[in-house]
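Here the structure comes first, spelled out in structure tokens, and everything after it is commentary.
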Amino acid sequence: MTANFMRIFLSCQQARKKHNIPAYSFWETYLKKGIEEAGYEWVEAPDVDWAEALSYYHPDDLHKWRQRTWNCVLSSIKQQHQNQGIDLFLGYLFPKQIEIGAVEEIRSLGIPCVNFFCDNVREYIKVPKEFYCFDLHWVPEFKALKMYQQAQLNYIYAPMPVWISKELRTCEHRENYGVSFIGSRDIQRAALLAQVINSGIALEIRGAAWSSDSHISQNFNLPSQNIWQTAVNQLKYLKTEGIIPWLRKIQAKSQPTIPDEVFADCVKKQPNGQEYTAIIQQSTISLGINRYPSYRYPFSYPNTYSRMRDIEAPMMGACYLTEWTEGLDDLYELGEEIETFSNAEEMIEKIRMLQADPKKRKKMRCQAQKRALTEHSVANSINKICITLGLHK
């Protein structure tokens with residue numbers, strides 16, 4: 001291997017068919033294209049459906065999937081490593097997808113193994129034991145770094161992997177849309193945006209479940225439960241999360257929901273891929289919301305972490321207003337490249353300020369895009385991995 005070339009075995013939720021799970025296909029595009037732009041080559045196990053595991057919840061189904069999948073992966077890696085060499089295994093794998101023995105076998109071939117994971121803060125209190133088998137962890141959430149430090153695991157702090165095609169890398173956009181948010185409805189997003197709408201600001205909201213005719217199931221093939229299973233799950237939750245989150249979960253059932261009518265004038269049809277990019281780029285203001293529902297925190301004081309949109313929107317040349325969270329000031333010059341808010345009142349104030357200042361909007365678009373393309377690219381993150389592992393010689 002030289003400093004100018006590397007072959008990366010990639011496992012990033014590639015799928016052989018469409019699965020009824022939250023959006024996942026963009027990870028494959030972003031990582032593959034980003035690796036190519038870095039001047040490296042990606043390889044994969046062509047017959048493996050990584051995303052399939054995310055549709056399984058029964059332990060027996062997952063065990064069979066792991067056994068079948070990792071046998072195929074190991075066979076593919078050994079053959080490709082013998083023929084042309086593999087310099088790095090890079091995964092985006094959830095704990096339930098990981099077969100620890102298989103990862104250790106890959107490492108025994110002299111191939112360092114790295115895992116990217118972006119739901120540390122939302123999903124876990126501590127690093128899952130399945131992650132310990134990797135040589136290095138690509139951690140994009142600032143708030144998750146302490147978890148990896150406490151676990152004494154090797155990690156790099158690098159942005160979410162985002163790639164956009166070169167013809168879209170412009171900050172000169174007509175403003176064909178208003179103040180836009182794209183994302184599915186949850187209780188935290190609904191509570192925040194309802195306050196903004198009630199202030200008289202016109203929003204454009206696109207995503208699942210914002211109106212009565214767009215509600216979709218959020219169960220994603222979860223198995224049906226009887227009373228006994230429900231009781232067991234409640235006890236498991238109590239043991240894992242503690243008494244305070246459990247009490248908040250029980251109390252949440254009596255919390256009133258915000259009626260669909262509040263959003264009726266704001267909801268637009270869900271965009272396809274091409275429309276998604278156009279809306280992000282051409283909105284007067286593109287919004288990011290970094291809070292999320294969690295019973296670990298009081299409803300009125302939700303936790304936050306930086307999402308993929310915080311890289312994606314600026315990289316597309318958006319005028320971007322996002323929810324403040326730790327780590328954003330590592331990515332951008334706040335107030336110059338992107339704007340941030342910490343609550344509904346500040347969000348309303350920043351929207352009105354940006355609406356009244358087209359010169360600032362244009363300046364923000366170009367400065368943020370330059371920063372994202374220069375410093376937050378997949379190529380930069382891959383190079384950081386290589387330096388950390390001593391792969392560049």
Side-chain angles (χ1 to χ4, degrees), residues 26 30 118 121 140-144 157-164 168-183 188-189 192-193 196 201 203-207 276-292 302-378 380-381:
F26 56 83
Y30 285 173
C118 62
V121 172
E141 311 126 292
F142 182 86
K143 286 186 175 180
Y157 172 44
M160 300 275 190
V162 175
W163 178 91
I164 64 168
L168 297 176
R169 298 177 189 182
T170 172
C171 59
E172 300 291 338
H173 302 303
R174 293 183 178 180
E175 295 181 339
N176 295 322
Y177 302 91
V179 182
S180 299
F181 175 72
I182 302 177
Q188 285 292 349
R189 290 172 173 176
L192 177 65
L193 294 183
V196 177
I201 288 178
L203 297 180
E204 296 181 13
I205 302 175
R206 296 170 174 87
Y276 173 87
T277 301
I279 294 164
I280 293 291
Q281 292 181 319
Q282 298 170 23
S283 289
T284 305
I285 304 168
S286 289
L287 299 175
I289 300 177
N290 287 327
R291 64 186 61 191
Y292 62 96
N303 193 32
T304 59
Y305 70 97
S306 183
R307 307 292 189 92
M308 186 180 71
R309 188 71 53 78
D310 292 342
I311 304 298
E312 188 180 54
M315 196 172 279
M316 290 179 177
C319 173
Y320 190 53
L321 171 62
T322 191
E323 186 165 18
W324 184 89
T325 189
E326 291 179 70
L328 276 177
D329 52 357
D330 292 330
L331 299 172
Y332 303 102
E333 186 176 348
L334 306 186
E336 295 293 326
E337 296 170 340
I338 68 170
E339 283 285 356
T340 61
F341 63 89
S342 296
N343 51 50
E345 292 75 18
E346 193 172 358
M347 186 181 187
I348 293 164
E349 177 186 340
K350 291 292 181 74
I351 289 173
R352 287 175 173 157
M353 179 269 292
L354 287 170
Q355 285 178 321
D357 195 342
K359 290 184 178 179
K360 180 175 177 64
R361 297 199 300 270
K362 183 175 181 179
K363 184 179 178 182
M364 284 173 55
R365 291 178 187 277
C366 296
Q367 289 186 334
Q369 184 177 62
K370 182 179 180 181
R371 175 67 66 99
L373 290 172
T374 302
E375 299 184 14
H376 306 329
S377 66
V378 175
N380 278 8
S381 297

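Heads up: numbering here begins at 1 and tracks the sequence.
- Looking at every heavy atom in both residues, G178 comes nearest to E204 through N-OE2, 3.0 Å.
- Distance check: L321 CG to M364 CE gives 7.0 Å after rounding to the nearest 0.5 Å.
- Side-chain atoms of R307 and Y292, non-hydrogen and from C-beta on, do get closer than 4.5 Å to each other.
- In this structure, E336 pairs ionically with K363, as a charged nitrogen and a carboxylate oxygen lie closer than 4.0 Å.
- Within 6.0 Å of NZ on K362 lie no more than 12 heavy atoms contributed by other residues, nucleotides or ligands.
- In terms of heavy-atom proximity, P314 sits nearest to I338 at CG-CG2, 4.1 Å.
- Across all their heavy atoms, I285 and Q355 have their closest contact at CD1-CG, 4.0 Å.
- Put simply, the side chain of L331 reaches to within 4.5 Å of the side chain of I311, judged on heavy atoms.
- For the pair M347 and I201, the minimum side-chain heavy-atom distance is 4.5 Å or more.
- Within the 4.5 Å cutoff, the side chain of L287 has heavy atoms near those of the L203 side chain.
- Using modelled atom types, one side-chain atom of H173 and one backbone atom of M316 make a donor-acceptor pair closer than 3.5 Å.
- The minimum heavy-atom distance linking I164 with R169 is given by the pair O-NH2, 2.7 Å.
- Annotation: side chain of W324 is in contact with side chain of L334 (closest heavy-atom distance under 4.5 Å).
- Of all the heavy atoms in Y332 and A368, the pair that sits closest is CE2-O, 4.0 Å.
- The side chain to side chain contact (heavy atoms under 4.5 Å, CB included) search around A313 returns I280, R309, A318, Y320, not counting sequence neighbours.
- For K360, the NZ atom sits in a packed shell: over 12 heavy atoms of surrounding residues, nucleotides or ligands are nearer than 6.0 Å.
- Contact detail for S283 and R365: the closest heavy-atom pair is O-NH2, 2.8 Å.
- Contact of the C118 side chain with the M160 side chain is registered, since non-hydrogen atoms from C-beta on lie closer than 4.5 Å.
- A distance of 6.0 Å separates CZ of R371 from NE2 of H376, quoted to the nearest 0.5 Å.
- Within the 4.5 Å cutoff, the side chain of E339 has heavy atoms near those of the M353 side chain.
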- prompt: Under the side chain to side chain contact (heavy atoms under 4.5 Å, CB included) criterion, do E312 and F26 qualify, and how do the steps go?
  reply: CA-CA 12 Å; E312 188 180 54; F26 56 83; 6.0 Å; no
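- Atom OG1 in T277 sits 10.0 Å away from atom CD in Q282 (nearest 0.5 Å).
- If you take CD1 on I289 and CG on L193, they are separated by 4.0 Å, rounding to the nearest 0.5 Å.
- Annotation: side chain of L192 is in contact with side chain of F341 (closest heavy-atom distance under 4.5 Å).
- Atom-to-atom distance recorded for S306:OG and D329:CG is 10.5 Å, nearest 0.5 angstrom.
- In terms of the side chain to side chain contact (heavy atoms under 4.5 Å, CB included) criterion, residue partners of T284 (sequence neighbours excluded) are, by chain and number, E175, R361.
- Side-chain atoms of E141 come within 3.5 Å of backbone N or O of V121 as a donor-acceptor pair.
- In this structure, CG in D310 is found 10.5 Å from OH in Y305, a value given to the nearest 0.5 Å.
- Side-chain contact check for N290 and E323: no donor-acceptor pair (N or O, by modelled atom type) lies under 3.5 Å.
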